[in-house]
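Everything below concerns the one structure shown next.
Nothing here was measured: the structure is a model prediction, and the numbers come from that model. Each ligand, and each atom within it, is numbered from 1 in the order the structure gives.
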Amino acid sequence: MYTVFRCEKPIVIVHGGAGRWNVDEETRVRVLEVLKNAAKSGLEAILRGGNAVEAVVSSVKVLESSGLFNAGIGSVLNLFGEVEMDAGIMDGKTLRAGGVAAVTRPKHPIELARIVMEKTDHVLLVGRGADRLVDLFGLEPRPPIPQRVLEKYRELVRNIDSVRYWRKLRELLRVVAPMVSDTVGAVALDMDGNVAAAASTGGVWLKLPGRVGDSPIPGAGFYADNRGGGASATGLGETIVMTSLTRFAVELMIQGKSAREACIEAITELTRRFGPDTAGIVAIDVRGEIASVHNTEYMPFAYACRDRVEAAFSGIRIR
Ligand code: ASP
């Protein structure tokens with residue numbers, strides 16, 4: 001188990017979603033490999049002269065392209081069997097943020113979120129309006145839904161009374177924890193001390209059409225502030241939104257707590273309110289401490305800095 005890590009900046013940390021990760025050994029190896037590649041890609045973006053924002057976009061794009069995670073190509077399906085993706089990004093230098101929710105068209109929702117942040121006056125765009133920007137900005141469209149995802153959807157709708165589940169969020173988790181998983185996120189600290197954070201997801205399996213999770217909402221799925229650090233969250237989005245999880249963690253870092261202390265406190269508080277098997281968070285503080293904390297069985301993650309690239313299937317687990 002990983003406890004404390006510290007690096008000289010630049011640093012990038014990525015995660016592949018809090019959950020049970022009930023997969024075979026071969027898939028585990030691939031997951032860690034893709035996560036390492038994503039962290040490396042973010043670090044290289046910085047070493048080529050980019051900033052923290054460019055780093056998190058680069059990392060998240062690798063994960064969205066892989067088809068292995070619940071983001072971009074591999075996004076899970078809603079109750080009607082449709083893709084509706086959420087993504088968000090924040091620049092800790094300016095506190096500017098951008099998010100898109102329930103989008104269907106881009107291959108890389110994180111690019112769309114960045115466009116909202118950098119090219120519009122808004123913070124959050126949803127559905128049709130956000131999807132229109134895909135053509136306007138010449139973004140790559142999402143390829144067809146992979147066979148693996150379609151098969152899982154058929155299996156889930158056959159076996160699950162989803163309407164009953166949606167009445168109580170915690171029931172959803174108790175009975176079918178695997179329905180929440182594999183979301184992706186990234187946090188970066190660049191050479192100038194700028195922090196950025198990002199998240200991208202297809203949401204939760206069989207969600208009600210139109211449901212928006214934590215991933216496009218600043219302070220929930222991601223938050224960054226150069227005064228303290230940055231954080232990206234994963235898990236049952238509703239619990240993350242209700243606890244303003246990443247804002248909570250970053251606020252603690254601004255007050256002087258380390259990334260590790262802040263993440264433990266944030267996940268402990270969320271666990272106290274909503275129970276275990278609900279969420280996870282990765283973070284970097286401005287002093288270069290990296291943390292990965294979750295109350296789920298697993299949360300694969302990887303981090304990259306100049307002298308190392310490491311990955312593991314879990315960080316610090318809170319029970
Ligand atoms: N947080 C995501 C959501 O609720 C799901 C996940 O992290 O797996 O949309």
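Each of the following atoms of ligand 1 lies closer than 4.0 Å to a heavy atom of Gly203: 5 (C), 9 (O). Using a 4.0 Å cut-off to heavy atoms of Gly235, the atoms of ligand 1 that qualify are 1 (N), 2 (C), 3 (C), 4 (O), 5 (C), 6 (C), 7 (O). Short contacts between ligand 1 and Asp214, defined as distances under 4.0 Å to a heavy atom of the residue, involve ligand atoms 1 (N), 2 (C), 3 (C), 4 (O), 9 (O). For ligand 1, the atoms closer than 4.0 angstrom to any heavy atom of Thr234 are 6 (C), 7 (O), 8 (O).
Of all heavy-atom pairs between Val100 and Pro109, the closest is CG2-O, 3.8 Å.
For ligand 1, the polar-atom distance check finds an N/O of Arg211 within less than 3.5 Å of one of the ligand's N/O atoms. Polar contact check, Gly213 against ligand 1: no nitrogen or oxygen pair lies under 3.5 Å apart. At a 3.5 angstrom cut-off on N or O pairs, Thr183 counts as close to ligand 1. In terms of polar-atom proximity, Asp182 is not counted as a contact of ligand 1, lacking any N or O under 3.5 Å from an N or O of the ligand. Between Asp86 and ligand 1, a contact under 3.5 Å exists for no N or O pair.
Cation-pi geometry between Arg28 and Tyr298 is met: the NZ or CZ atom falls under 6.0 Å from the ring centre, inside 45° of the normal.
When heavy-atom distances to ligand 1 are checked against a 4.0 Å cut-off, Glu84 has no atom that comes that close, whether in backbone or side chain.
A continuous path of Ile, Leu, Val, Met, Phe, Trp and Tyr side chains, each step under 4.5 Å between heavy atoms, connects Phe80 with Leu208, placing both in one hydrophobic cluster.
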Inset, instruction - Report the C-alpha distance between Glu111 and Lys61 in whole Å, list the side-chain angles of each, state the deciding distance to 0.1 Å, and finish with yes or no for salt bridge (charged side-chain N to carboxylate O under 4.0 Å, His left out). - result: CA-CA 8 Å; Glu111 284 186 327; Lys61 279 177 70 177; 2.7 Å; yes
Inset, instruction - Quick one: do Asp131 and Thr104 satisfy side-chain hydrogen bond (donor to acceptor under 3.5 Å, both in side chains)? Show the steps, please. - result: CA-CA 7 Å; Asp131 269 331; Thr104 63; 2.9 Å; yes
Inset, instruction - Verify side-chain hydrogen bond (donor to acceptor under 3.5 Å, both in side chains) between Asn226 and Asn194, making sure each step is shown before the conclusion. - result: CA-CA 6 Å; Asn226 280 8; Asn194 296 316; 2.7 Å; yes
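At a threshold of 4.5 Å between non-hydrogen side-chain atoms, the residues Glu84 and Lys207 count as touching.
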